[in-house]
Amino acid sequence: MGDRLQFSDIYLATEPYVKSVGQVRMGTSGIGWKAAEGEAEALQGLSIPGLILPSGMLALQHDDLRRIQWQRVARGYGLRVYTKSGVLHKLDGFTADDFETLRDGIKRLFHGLTLEVRDISLKGWNWGKSDFEGTSMTFRVDNRPMFDLPMGYVSNTNLANKNEVSVEFQPPRGKNLKRKAAGVDELVEIRFYVPGTTTTTTSSKGAAGANGDDDDEAVSDGGEKGADGEEEEEVSAASVFHDTIKERADLGQVSGDSIVQFPEILCLTPRGRYHIDMFSHFLRLRGKTYDYKIPYENIQRLFLVSKPDELHMMFLVGLNPPIRQGQTRYSYLVLQFVRDEETAIDLNLKADDAASRFEGRLRSHYDEPLYRIVANVFKGVTDKRLIEGGGFQGYHGSQGLKASLKASEGTLYPLDKGFLFAPKPPLYIPHSDIVSVMFSRVDASSSNKMRTFDLKINVHGQQDYQFVSINREEHASLEDYMTQNGIKMLSELNESTSVSYKGMDMDSDSEGNRRGARASTAAGTAMNIGDDDDEESEDEDFVAGSESDVPEEYDENYESPDDDED
């Protein structure tokens, strides 16, 4: 056993929330970890370099090892193994007594490597320096690490202001991770205050950063001057820090390895034009200000509908959790396309494991309208059902009805299994969540005929949604749709009575409508009989005359009632 070390009950902590116990073995060939019996199931679906599935074995070759550190962790003590390829692996569960055995063994087995001791700063300060190493960023206080931020989980970063950089995180992906991570608190955003300026160089390492809680206490070392005599532009340290995070988190410009790229796609929500880059496990939205990294596991629903103008198509992507811009959350991406825009695109299915991962769901070549290509590619990579406009047809044959939700104008789409409102704010109401619907302002007996009506949808355990200013001509189609889908309809006056509005025409001059108008007028007259004593008595004494003949102003012989009393 002199040429091998072995430890049991060691956790593979490279991915958070994964509680898989196994055995560690170290030899001259490298470091190996193998999951114990029944523990490999928790690793399925993960994408850890060097991890062999489904057996659950991690193999790190001696030639690829760069640094090994010993650190206090939540589960006792752990090893941080840095590889030359830039990947950081974590093995937790060691005891304090294992330190000397590991130190002597690593020195003996791996020539040129020593076991480094990593002391964590416990001062609690919120200002310090940032250090990027591999796929992680380390925040240091007095040259001692305080915490690490894995760049692989950064979903977005932006300059909140001149000296403030916000970093947003996405939850870990993989099979069973949502179940294991349920009910726990996790970091979703952190902000750094980065004062001072620096000069642009070929490397952005060494940018200083500090937590944004105490701006006046943040410090910076300033910029470093270039060694040569070339002119160097002075920029803010926050901008350099922001660009470094984008580069390390792989949020910047994409070069190769993507399955397909869709440039300059018009996005209605959030507003702007974005480049969409599709990869094996995630997609990237790249705009002028914001960049997003969205795992396919976050995509819940896909909708493809036609706008009422019949010239554009809208493609909606439902997200959970939503993406964020500051304090604003976007649960849907709403993309708009010109219906007649066609193109031909070749997919790079050789990238990564795309060929085997999406086998049968993607084609290597597409030649059809752009909106259809984007919808089919999203459907293939996410393996989600694409929901299109159902069998509903409005009065003019359109899929949707023009309506307003609060102050926002949009289109209400009655689909096969729910209602969809788009583009802003996007909203989907499944039929299973609907208690009843109520039609308002549809009384045909009114002398003042309305050109529009309102639709109120009552939802189980949620707020009611009221869609207003729907064209009166669409009522009959909506009523048929409710009946076909078994949705309970209520009237505004009697909430247990079904509303019927079929056969009504706004511009109808039929004798029946004229009789109804006369009857309504007569009824209104009859209702005012009881008020004749109060209102008609003044009209009996009224004498019509010119409005210009006002005695108080123009008659010099006018005597007021006050003069008579005198």
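Counting from 1, the numbers follow the sequence of the chain as shown.
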- Message: Assess whether a salt bridge exists between Asp131 and Arg140, defined as any Lys/Arg side-chain N lying under 4.0 Å from an Asp/Glu carboxylate O.
- Response: yes
- Task: Taking only Lys NZ, Arg NE, NH1 and NH2, and the carboxylate oxygens of Asp or Glu, determine whether Lys162 and Glu164 approach each other closer than 4.0 Å.
- Result: no
- Query: Would you say the ring centroid of Phe315 lies under 6.0 angstrom from that of Phe378?
  - Reply: yes
- Value for CG (Leu91) from CD1 (Ile31), rounded to nearest 0.5 Å, stands at 7.0 Å
- Please identify each residue that fulfils side-chain contact (heavy atoms from CB on, under 4.5 Å) with Ser364, with sequence neighbours left out. Leu349
- Task: Side-chain contact test, heavy atoms from C-beta onward, threshold under 4.5 Å: evaluate it for Leu362 versus Val381 and give yes or no.
- Result: yes
- Would Arg284 and Asp291 pass as an ion pair if we require N to O under 4.0 Å? no
- Can you list every ring-ring contact (aromatic ring centres under 6.0 Å, His included) pair that touches residues 45-74, not counting sequence neighbours? His62-Phe110, Trp70-Tyr77, Trp70-Phe99
- Message: Going by side-chain hydrogen bond (donor to acceptor under 3.5 Å, both in side chains), name the residues that satisfy it together with Asp9, two or more places apart in sequence or in a different chain.
- Response: none
- Check whether NZ of the Lys or CZ of the Arg Arg75 lies under 6.0 Å from the centre of the six-membered ring of Tyr11 and within 45 degrees of that ring's axis. yes
- Item | Contacts of type salt bridge (Lys or Arg N to Asp or Glu O under 4.0 Å), residue Arg301, not counting sequence neighbours | none
- Query: Ion pair present between Arg103 and Asp98, side-chain N to carboxylate O less than 4.0 angstrom?
  - Reply: no
- May I ask you to decide if the ring planes of Tyr428 and Phe303 are parallel, tilted or perpendicular, using 30° and 60° as cut-offs? tilted
- Message: In terms of relative ring orientation, are Tyr292 and Tyr274 parallel, tilted or perpendicular, with 30° and 60° separating the classes?
- Response: tilted
- Message: Can you list everything that forms a salt bridge (Lys or Arg N to Asp or Glu O under 4.0 Å) with Arg363? Sequence neighbours excluded, please.
- Response: Glu368
- Would you check, one step at a time, whether the test ring pair (Phe, Tyr, Trp, His ring centres under 6.0 Å) holds for Phe147 with Phe139? CA-CA 6 Å; Phe147 60 85; Phe139 189 80; 5.0 Å; yes
- Determine, step by step, whether Phe282 and Tyr296 satisfy the ring pair (Phe, Tyr, Trp, His ring centres under 6.0 Å) criterion, reporting the C-alpha distance in whole Å, the side-chain angles of both residues, the deciding distance to 0.1 Å, and the verdict. CA-CA 5 Å; Phe282 62 91; Tyr296 295 140; 7.5 Å; no
- Separation between CG of Leu316 and CG of Leu304, rounded to the nearest 0.5 Å: 9.0 Å
- Query: Is any NZ, NE, NH1 or NH2 atom of the basic residue among Lys90 and Glu15 found under 4.0 Å from an Asp or Glu carboxylate oxygen of the other?
  - Reply: no
- How would you list, by chain and number, every residue that makes a salt bridge (Lys or Arg N to Asp or Glu O under 4.0 Å) with Arg372, sequence neighbours excluded? Glu388
